[in-house]
Amino acid sequence: MKKNDQAGYDRREFLRGTTAIAGAAVAGALLPIGTAFAQQAKLKVGLMLPYTGTYAQLGVAITNGFKLAVEERGGKLGGREIEWFTVDDESNPAKAPENVSKLVQRDKVDVVIGTVHSGVVMGMAKVLKESGTLWINPNGGAGAMTGAACAPNFFRTSFSNWQTTHALGKVLKAKGHKNAVFITWKYAAGEEMMEGFKEGFEKEGGKLTKELFVPFPQVEFQALLTEIASIKPDAVVAFFAGGGAAKFLKDYQAAGLKGKIPLYGSGFLTDGVLDAVGDAGEGVETTLHYADGLDTKKDKAFRLAYAKTFKLQPDVYAVQGYDAGQLLAAGPRRRQGQHRRQARHDQGHGSGQDRQPARAVDLVQGAQPGAGHVPAQGGGQGEQGARRGLEGPGGSGARLQDLAFL
Amino acid sequence: MDFAFFLIQLLNGLQYGLLLFLVASGLTLIFGIMGIINLAHGSFYMVGAYLAWSLSSLTGSLTVAILLAIPLTVILGMGLERLLFRHLYQRDHLYQVLLTYGLILVFEELRSLIWGDDVHGVAVPALLNASIPLTENLSYPVYRLAISGVCLLLAAALYLLIQKTRLGMMIRAGASNRDMVQSLGIDIKLIYTLVFALGIALAAFAGMINAPLSSVFRNLGSHVLIICFVVVVIGGIGSVKGAMAASLLIGLAETFGQVLVPEVAGMIVYVLMAVVLVWRPQGLFGKA
């Protein structure tokens, strides 16, 4: 059990707390009287992300990206120092309400940043809708968060699950594939991505022949790979991420399917795992709202800064974390640090009505620089939009709302 | 599904079943012969997997790692038996459950301290890193076949050890009447230590050879533990033969379940267990 999971203070937290108080007392004594009192209260930022399990790597990348955005602003947001709180959500939906309650009720954070797993996102939504705490979701794409279960304090700097695979329909058609098999983990994200792909592919006249599911987070694919070989579809589309994605790509190669049946997926299939899988990732084509090759000034600057700071290459998760930081920073700047939670938004469900931050912030994500760095592209961007960025069917770009929430 | 693919799925199921047998045999051995309910069985599987990963990244070879790790797990098993389990043979099962549950927590925390919480992949040994083409678009990884071979060899060795050797005779005698065996001048304490260490080593070894297929992650042991108990319960408590039959049955049920009824694949194994228990409460090969 992780230290953070325990209610109340344990010894380590207590020590950390007292050290901070002692440090503050010393600093206060050294500072001229007045400045010490002029300091605004710290901004309490609660990170609820997976730091263990299949999605651990994703949680770390998001944290890195977010902290980079804060560091670039001198460690402050809206002129306020930051106090960090961290909870490891373990990608466990059952613990989600309890975990987010720790941040909201015990730590009394001003803003919650999280998380990756869609099931956990839905657990958080219930609690955060009630508490009204500002929430920026840097990854978990559960559609309902910005659909049926949305609230004025909910924001996401990422995607809704269906968006990440919808565009594949166009790609597969262009390649001349008439039918496909979809394989994924059996949980909200996998099912929503499957639905998104089905909708997109059928619109292009394609047919989804079979849906194959593996229980999350298992990685025993052998039986289903055999099934794929026996169906002999024109193409295979997959959603796995993190450790599971690496394992799937390797197994796909070991089963001899690579090179015989082309493999497609949402970008999560390859993002962040390319180094780990070697040539098993060769030739896989994906769609996503971000890719390493995005050729914009903003992206280049971000990638350079990230690589310098963390000695790591950033992936889409780092970008989403970074954009979450930028979004949070934009609020106080526009409101001079005033505390105000308000956002106008569509509560609509489904295509094109997902609320995504756009104009207020110069986000890294975005398919085309000319489109004003809008993370979700409107429909009909064609092949390039589908391949490079993320294509939404309903022209969401025009509906994006201005933000003023902090 | 045509006939060729039916055969391949059969192979998948058998291969998975053999692996299950390897993991569960240690549990059924300790359970059947010593009467110890070892909830920490999955933890030893996890320890094996992590040892395989850390030693193979150190030495660069999974084979070397396994050769180094097996003596370590035998020593671990003997040490635990001497220090902890020995004191519980005469006690109620509840004490054993409490102790071994505690061990799960201890091993999880130690794993977190020593190896961290990240997911790791273990490379398949270069010699076995190939695939045999079966149909025009499907190949079978050689490593999976090799694992099946190893599992079969171990099953045979286990059978010979228990049924055909003098040591096996003493083990079986100890299982049916411990006091009598002791008064005949046989060092039953030593035999128990050996059996326990063997059970632990089997679990850890299964973790080691399966590491390249399943990858190495936290909570690895808990899934394994549950499926092991299912095997032991279906097969009949303490029956190695039953464990083999149950493993193969579960391997096939899970494989074909995933393909034929993917919506309910997650629960097929448990439905199977329920059916067997209604039909034969003592398990397939258990003594009533």
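Convention: sequence-line order gives letters A, B, ...; per-chain numbering from 1. Being a predicted model, the structure only gives us computed values, none of them experimental.
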Practice item. Just give me the residue among Leu224(A), Ile228(A), Leu212(A) that pairs up with chain B most often, heavy atom to heavy atom, under 4.5 Å. Key: Leu224(A)
Check your understanding: Do you know which two heavy atoms are closest between Phe5(B) and Ser230(A), and how far apart they sit?
Key -> CG-CB, 3.1 Å
Study note, to complete from the structure: When rounded to the nearest 0.5 Å, the distance separating OH of Tyr16(B) from CD of Gln222(A) is 12.5 Å
Review point. Hey, is CD on Glu202(A) packed in by over 12 heavy atoms from elsewhere, all under 6.0 Å?
Key: yes
Review point. What part of Thr135(B) gets closer than 4.5 Å to chain A, counting heavy atoms only: side chain, backbone, both or neither?
Key: neither
Practice item. Give the member of Glu211(A), Lys232(A), Lys250(A), Lys210(A) that has the highest number of heavy-atom pairs under 4.5 Å with chain B. Key: Lys232(A)
Study note, to complete from the structure: Val259(B) and Ala223(A) have their tightest heavy-atom pair at CG2-O, 3.8 Å
Practice item. Please look at Leu225(A) and chain B and tell me whether the side chain, the backbone, both or neither of the residue comes under 4.5 angstrom of a heavy atom of that chain. Key: backbone
Point to revise | Which atom of Ala254(A) lies closest to which atom of Ser131(B), heavy atoms considered | key: O-OG, 2.5 Å
Point to revise | Closest non-hydrogen atom pair, Ser139(B) against Gly256(A) | key: OG-CA, 3.6 Å
Exercise for review: Step through the shown structure and confirm whether more than 12 heavy atoms of other residues, nucleotides or ligands are within 6.0 Å of CG on Leu98(B).
Suggested key: yes
Check your understanding: About how many Å separate NZ of Lys247(A) and CG of Leu213(B), when rounded to the nearest 0.5 Å?
Key -> 6.0 Å
Review point. Should Glu227(A) and Gln258(B) be marked as a side chain to side chain contact (heavy atoms under 4.5 Å, CB included) after you check the CA-CA gap, both sets of side-chain angles, and the distance that decides it?
Key: CA-CA 9 Å; Glu227(A) 178 70 359; Gln258(B) 267 190 347; over 6 Å; no
**Study point:** Heavy-atom pair count under 4.5 Å with chain A, highest-scoring of Asn137(B), Leu138(B), Ile8(B), Val142(B)
**Key:** Asn137(B)
Exercise for review: Step through the shown structure and confirm whether more than 12 heavy atoms of other residues, nucleotides or ligands are within 6.0 Å of OH on Tyr101(B).
Suggested key: no
Review point. With a 4.0 Å cut-off, would you call Lys260(A) and Glu136(B) a salt bridge?
Key: no
